[in-house]
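The analysis underlying the following values was restricted to heavy atoms, covering all of them including side chains, and did not include hydrogens, waters or symmetry mates.
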Amino acid sequence: RIMASTIGASNVSVTAAQLAQQPNWIVVDNHVLDIAKFASIHPGGAHVFANFRAGANDATAAFFALHTTDVLRKYIPRLRVGVLEGAQANDAPSSRDFVNPVGLAPSERPGYATSPYYNASHAAFRKVVRKFTQTEIRDEALANDVTGKAPSSEMFEKLGAHGYLALRLGPSPVLAAVYPGPLPGGIKASEYDYFHELIVAEELATLGTPGYADGIGGGLSIGLPPVAMFGTDALRRKVLPEVLSGKKKICLAISEAGAGSDVANIGCKAELSEDGRHFVVTGAKKWITNGMFADYFTTAVRTSGPGMGGITLLLIERSEGVSTRLIKSMYSSSAGTAYVLFDHVRVPVENVLGKVGQGFKCIMFNFNHERWVMCATIVAYSRVLL
Ligand SMILES: Cc1cc2nc3c(=O)[nH]c(=O)nc-3n(C[C@H](O)[C@H](O)[C@H](O)COP(=O)(O)OP(=O)(O)OC[C@H]3O[C@@H](n4cnc5c(N)ncnc54)[C@H](O)[C@@H]3O)c2cc1C
């Protein structure tokens, strides 16, 4: 304590034995801090230091779960009594700051425990999702978000194997049927609710890599539900396991250069072949997330006259006549945002999702999940930025 008050930001080397004798000393990122006076004015209360006094446990992870490097830098001159022997202390701005910024996770905000919307399964689920995100996804996310590289096949298959792609499908009446295995955290598909899905959005946002995060399932979360809900049994049996295992990728192709908000006005044409067995699709789609690496395109096509009644939803497989071109956008190209061109693509009539001429209804139904995911994601990223 004498050292702390007189020396301030000391560089003295502190041994483990010295540390063990000082109940008011804690270690954050190798800085040895004396919290004797500070503990009583700490906004979170003095009790939060209990497990870390005398260096009993390193406080670094707990510190960065709730603070940024700026906070550490602010207190070093006042509290540091030394640096852990043999270690290098670091107070430079760090990517760890994005791990869990202040106020990001409801689990760490007062009131979470009493929220009527969260139960024990949500708290347990968050822990599992956070660990997986930080240990299994983070490295590739940080690298690819900068380079614009698509998420690797290994990543997709890993996400599939651990049930993380199924999570992006959202709570759905068909989830239990199409994904029998337990979801991350041991949750049954029938118990997976929108608050679990909110947690997924929040934890992915902590990576601070929105392009990459959309790359690993953005297309799936909007493109696969129509197959699950409106596809024929045969189509579902083929496509769902392929996509949920990460072996194939899917996207939603609705928007066109002349029809964004105005979905009823899309122009991409699908004409029935003479033998009635195929639709022949010609047209272009714009801003298609994951389009660059998608194997399947859940596509709005015009099968008859103008307006919403002439629209059909069709699952188009990447095949002859399908080409994709990257659209540079404000976020990383690892999202695979594409301009998609269909040039006389032959699509089996069995690939109609729902009924011919009923596509607009299916699209509007599907937008509900997309809107929800967007709201959850935008709020989560806003918290990261704040
Ligand atoms: C990053 C990104 C990813 C995307 N991913 C996909 C994807 O995977 N699949 C896909 O199909 N599409 C995708 N889109 C396209 C997206 O759905 C469209 O951008 C959106 O529907 C809006 O269409 P638009 O850009 O043509 O804008 P417009 O529809 O032209 O709208 C321009 C402006 O006019 C306003 N406006 C439009 N109509 C009205 C009205 N009637 N009254 C008042 N105001 C109005 C809008 O609010 C907006 O501010 C993506 C877009 C982006 C930016």
Side-chain angles (χ1 to χ4, degrees), residues 1-115 118 120 122-124 126-127 130-131 133-134 199 202-203 205-208 379-380 382-386:
R1 285 169 66 178
I2 291 167
M3 278 171 74
S5 59
T6 54
I7 300 175
S10 164
N11 283 323
V12 168
S13 179
V14 177
T15 65
Q18 287 170 318
L19 183 61
Q21 289 175 6
Q22 299 292 341
N24 291 317
W25 288 7
I26 65 165
V27 178
V28 176
D29 214 8
N30 299 325
H31 301 277
V32 180
L33 307 177
D34 183 340
I35 45 103
K37 288 183 184 160
F38 178 70
S40 62
I41 56 164
H42 180 250
H47 66 279
V48 299
F49 299 105
N51 292 334
F52 308 108
R53 287 175 181 273
N57 292 294
D58 188 295
T60 308
F63 178 91
F64 281 106
L66 291 166
H67 310 87
T68 62
T69 316
D70 280 349
V71 179
L72 182 60
R73 275 210 297 267
K74 178 176 161 191
Y75 284 100
I76 283 172
R78 297 186 218 171
L79 305 183
R80 192 167 82 185
V81 293
V83 175
L84 213 51
E85 187 186 40
Q88 265 206 323
N90 175 25
D91 60 355
S94 158
S95 58
R96 286 168 314 177
D97 289 351
F98 291 103
V99 170
N100 186 11
V102 178
L104 176 69
S107 59
E108 271 123 21
R109 291 204 307 270
Y112 177 72
T114 55
S115 163
Y118 291 102
H122 296 96
R126 182 185 295 281
K127 271 196 189 142
R130 178 170 299 178
K131 187 163 176 221
T133 305
Q134 299 301 331
I199 287 168
E202 288 176 339
E203 293 304 324
T206 63
L207 296 171
V379 171
S382 303
R383 285 207 173 120
V384 169
L385 290 172
L386 287 172

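When V32, I26, V81 are each tested for a side-chain contact (heavy atoms from CB on, under 4.5 Å) with L19, only one passes: V32.
Residue pairs meeting the side-chain hydrogen bond (donor to acceptor under 3.5 Å, both in side chains) criterion with at least one member in residues 48-59, sequence neighbours excluded: N24-R53, D58-T60.
The OG1 atom of T133 lies 10.5 Å from the CZ atom of R126; values are rounded to the nearest 0.5 Å. Summarising the geometry, atom CZ belonging to R383 is positioned 6.0 Å from atom CD belonging to E202; distances are rounded to the nearest 0.5 Å. Distance CG/L33 to CZ/F52: 12.5 Å, rounded to 0.5 Å. Separation of atoms OH (Y75) and CZ (F63) is listed at 9.0 Å; rounding is to 0.5 Å. Taking CG of N11 as the reference point, atom NE2 of H31 lies at 10.0 Å (rounded to 0.5 Å).
Contact record, A87 with N30: CB-CG, 3.5 Å, taken as the closest heavy-atom pair. The two residues V384 and A205 come nearest to each other via the heavy atoms CG2-O, 3.4 Å. Minimum heavy-atom separation, Q18 to Q22: O-CG, 3.4 Å.
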